[in-house]
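For reference, the structure discussed in these notes is given below.
We name chains A, B, ... by the order of the sequence lines, and we start the count at 1 in each one.
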Amino acid sequence: MADPVKELGEAVLAAAAELGATPKKRPTLERPPQADLGDYSSNAAMLLAGALKSPPREVAERLGEKLAGALGDAVERVEVAGPGFLNLHLSDRWLKAAAAAALADGDRFGRTAYEVSERVLVEFVSANPTGPITVAAARHAAYGDSLCRILEAAGDEVEREYYVNDYGGQVQRFAASLRARALGQEPPEDGYRGDYVAEVAARIDGAAELDDDELAKRGVALMVDAVRATLERFGVEMDRFSSERALQEGGAVDEAIERLAERGHVYEQDGATWLRTTDYGDDKDRVLRRSNGEKTYFAADIAYHEDKRERAYDHAIDILGADHHGYVGRMKAAWEALGGNPERLEYVIMQLVNLVEGGERAQMSKREGQFVTLDALVDDIGVDATRWFLVQRSPDTALDLDLDLARSHSQDNPVYYVQYAHARIASILRRVDAERVAAAVAGDLAASPEALHPSARDLIKKLLELPEEIRVAAERRAPHRIAADATEVAQAFTAFYRDCKVIGAAEEGGDEDLRLALCELARRTLASSLDLLGVSAPDRM
RNA sequence: GCCCCCGUAGCUCAGCUGGAUAGAGCAGCGGACUUCUAAUCCGCAGGUCGCAGGUUCGAAUCCUGCCGGGGGCGCCA
């Protein structure tokens, strides 16, 4: 896979090695803050200064000479600046060749650039099957699915999983509410009051006569179907729905408790069975089996994670809401108590989503039936805007989703800016024959006589960042970086579009083939980034 | 009281595993439509990076303390 920037970075490392020192950490190779400082800059000399016992600027001078010699005509000149930065001014030829290399990767440019492949399980959403998917869970869906797409792009083998809490108290209350609706009554005080309850009840034949367990199973099955449909409409396809009930009734939970007991982490107190999670850093011990004999949700989740562990993933990532963050300590403790490697179980804690309407926060309660569903939100502003909006911010940041704004100013959403850039490129490319574009893309770009306009140089450099952006987004579990990067790509293309005529480039001394090829590379990059976010890349708007 | 997240432009937020003069979108002001798509572009204005110390060649970024906001601390899930 092409990654010209990475190759350049390796050239810097090689030059450093020639000076007889290896930097303590990998030197940076990044775009300097100002264009006139060069195309790329590296802090390598500053990292080497200590080992070489020379001033950073002096090291930079020597490093620059080595590098210039190694890169030949790829480099125009090398300069030392500031505290010891090495600034590279590259030739047009290098940039054109780099673009050609990226184009040779087809639609896969930027993907699997770093071939460390791991098997990763991502568990997300996992909302209780007692009601529709709400906006809070929608953020999990948008984030989790984008993360999976990005991990896949970075070379990992990913499975998406939804844990269904189809057992226990809230499911019994759900069944009781279904029965009440089936009988034309109001749900019990502690039941579920949303309108959907009556609709679900109406779809279960003889609901009023079924026993509690059967009614719960049927109701949950219908809710899971609804959840699946909502997620699919949202572009999220789970590989597996895991059932808590199956674990409870299949004996897996008892087995897990037994295994913990064998390892000596369990004790009885006050009639309940406890796990000594404090041995693994939790702040208090936790109950596995209540004094009434019922096993806790925690006990079931231990069995579920034991199942995950046996499936031998390199990483199991759980995405939880901030309101569950207190759960992390005990789960990690249980994982370790059963011999799990703590580095393989990873938690992402998503901060909450607040809906704002009429300038006020809308309170959400599934129990009371007061909530905005994901379906309703998608009806309002569409899948693309919804996904973009929910994923464009760091999971660490609480999100205020202003419904009035989302409705009335949906045109201001940056997703349209990025999509528009894609549509605009598609429009340009439509004006010439497909064969012509294909030939331009496959052509020898490095041989193009065109002197690159600064906007074209900037565009190429921005496009070449994609492999690194994907790698970092994957590594830091940060899909929002892809959204930010896509916006920057769209901006870079728009500047190029403004300054460089593509069709009829010859009129201003340009090379139409080269510019068509750059358009295609920009289009692929935008389409790729949008795909990583689950957002469509339209050809027309 | 303890734990987690946040505090950066008027607003919403990037940047946070240390690098050069801290960025984007929106809002505001002033311009550009005989267009390869104006869902766009150009310019202007806008900052004690919550506060105070510390670490070092260098701190928005790392450490400590404090202040403010959100979330959590159950034999609920």
Side-chain angles (χ1 to χ4, degrees), chain A residues 25-26 28 30 32-34 37 41-43 46-47 49-50 55-56 81-85 87 126-128 130 165 167-171 244 269-274 282-284 286-301 321-329 347 349-352 354 389 392-402 405 409-421 423-432 472 475-476 478 480-481 483-485 487-488 490-491 494-495 497-505 512 515-516 519 540-541:
Chain A
K25 55 180 181 177
R26 194 176 178 83
T28 58
E30 56 194 356
Q34 286 172 82
L37 289 172
S41 78
S42 178
N43 66 352
M46 290 182 278
L47 297 176
F85 286 101
N87 290 337
S126 298
N128 282 339
T130 53
N165 305 131
Y167 191 85
Q170 88 274 358
V171 173
E244 178 185 356
Q269 188 180 304
D270 304 330
T273 304
W274 297 70
D282 196 9
D283 49 12
K284 61 176 82 162
R286 309 291 173 172
V287 171
L288 296 171
R289 189 184 284 113
R290 296 193 270 271
S291 49
N292 68 5
E294 284 176 15
K295 283 153 285 190
T296 59
Y297 169 86
F298 176 46
D301 211 15
D323 53 343
H324 287 78
H325 103 270
Y327 191 75
V328 174
Y347 278 89
I349 304 301
M350 300 278 297
Q351 296 303 310
L352 303 178
N354 295 301
F389 203 95
Q392 71 173 332
R393 300 278 150 70
S394 156
D396 289 337
T397 302
L399 191 65
D400 272 343
L401 205 165
D402 189 324
L405 191 74
H409 296 292
S410 62
Q411 303 283 27
D412 294 333
N413 192 309
V415 69
Y416 296 111
Y417 180 79
V418 177
Q419 289 184 314
Y420 184 73
R424 180 182 255 169
I425 299 172
S427 169
I428 293 171
L429 295 175
R430 266 199 304 275
R431 298 173 81 93
V432 296
V472 173
E475 208 170 76
R476 301 189 191 180
H480 68 281
R481 283 179 161 265
D485 184 63
T487 305
E488 287 172 13
Q491 282 169 338
T494 303
Y497 170 83
R498 179 190 70 229
D499 296 330
C500 302
K501 198 170 169 56
V502 178
I503 308 296
E512 187 169 306
R515 293 180 180 183
L516 282 170
C519 282
R540 297 171 201 271
M541 287 177 76

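- In this structure, A:Ala322 reaches the sugar-phosphate backbone alone: every heavy-atom distance under 4.0 Å involves primed, P, OP1 or OP2 atoms, never a base.
- Here the side chain of A:Glu294 pairs no donor or acceptor atom with the backbone of A:Gly169 at under 3.5 angstrom.
- Residue side chain A:Arg476 reaches the base of B:U17 through a donor-acceptor N/O pair under 3.5 Å, judged by distance alone.
- Side-chain atoms of A:Arg498 lie closest to B:C41 of the nucleotides B:C41, B:C36, B:A14.
- Across B:C36, B:C41, B:U17, the shortest atom-to-atom separation from the side chain of A:Ile428 is found for B:C36.
- Under 4.0 angstrom from either OP1 or OP2 of B:U37 there lies at least one side-chain N or O belonging to A:Arg431.
- If you check distances only, the side chain of A:Asn43 never reaches the base of B:A20 with a donor-acceptor pair under 3.5 Å.
- If you check every strand for non-hydrogen atoms under 4.0 Å, A:Asn292 touches nothing.
- Checking B:C75, B:A14, B:A77 against every side-chain atom of A:Ala484, the shortest atom distance belongs to B:A14.
- Counting only heavy atoms from C-beta on, A:Val287 has its side chain closest to B:C75 among B:C75, B:C36, B:G25.
- A close approach under 4.0 Å does not occur between any side-chain nitrogen or oxygen of A:Gln392 and OP1 or OP2 of B:A24.
- Remark: the separation of the C1' atoms in B:C26 and B:G46 is 14 Å, to the nearest Å.
- Of all nucleotides listed (B:C76, B:C36, B:C5), B:C76 comes nearest to the side chain of A:Arg290.
- Stacking between A:His324 and the base of B:A77 is present: ring centres sit under 5.5 Å apart and the planes differ by under 30 degrees.
- Distance from the side chain of A:Arg393 is smallest for B:U12 among the nucleotides B:U12, B:C41, B:C73.
- Heavy-atom nearest nucleotides on RNA chain B were determined for A:Ala81 and for A:Gln269, and the one closer to the 5' end corresponds to A:Ala81.
- The side chain of A:His325 sits closest to B:G72 out of B:G72, B:G18, B:C36.
- Taking atom C1' on both nucleotides, B:G70 is separated from B:G10 by 22 Å, rounded to a whole Å.
- Taking both residues in full, the closest heavy atoms of A:Leu37 and A:Pro32 are given as CB-CB, 3.8 Å, listed atom of the first, atom of the second, then distance.
- B:G47 sits 15 Å from B:G15 when the C1' atoms are compared, rounded to a whole Å.
- When distances run from any side-chain atom of A:Asp270 to the nucleotides B:U40, B:C5, B:C75, the shortest one goes to B:C75.
- With hydrogens and angles ignored, no donor-acceptor pair closer than 3.5 Å exists between the side chain of A:Thr296 and the base of B:C75.
- Separation of the P atoms belonging to B:C5 and B:U17 is 14 Å when rounded to the nearest angstrom.
- Between the A:Glu512 side chain and the A:Gly504 main chain, a donor and an acceptor come within less than 3.5 Å of each other.
- Residues A:Arg481 and A:Arg476 come closest through the heavy atom pair NH2-NH1, 3.1 Å.
- Of the two residues near RNA chain B, A:Arg481 and A:Ser291, the one whose nearest nucleotide lies more 5' is A:Arg481.
- Only the C1' atoms considered, B:A59 is 16 Å distant from B:U21, to the nearest whole Å.
- For A:Lys501, counting side-chain heavy atoms from C-beta on, the closest listed nucleotide (B:U17, B:C16, B:C36) is B:C36.
- Computed from coordinates, the A:Phe389 CZ to B:G25 C1' distance equals 11 Å when rounded to whole Å.
- Only the C1' atoms considered, B:U8 is 22 Å distant from B:G71, to the nearest whole Å.
- If you take OG1 on A:Thr28 and CE on A:Met46, they are separated by 7.0 Å, rounding to the nearest 0.5 Å.
- B:U61 and B:U55 have their P atoms separated by 15 Å, given to the nearest Å.
- Using a 4.0 Å heavy-atom criterion, one finds that A:Ala398 contacts the sugar-phosphate atoms exclusively.
- Of the possible donor and acceptor atoms, one in the side chain of A:Arg515 sits under 3.5 Å from a partner among the backbone N and O of A:Lys501.
- Annotation: B:C62 and B:G18 have their P atoms spaced 9 Å apart (nearest Å).
- Picking from B:C75, B:C36, B:G70 the nucleotide with the shortest atom distance to the side chain of A:Val502 gives B:C36.
- Using modelled atom types, one side-chain atom of A:Thr494 and one backbone atom of A:Ala490 make a donor-acceptor pair closer than 3.5 Å.
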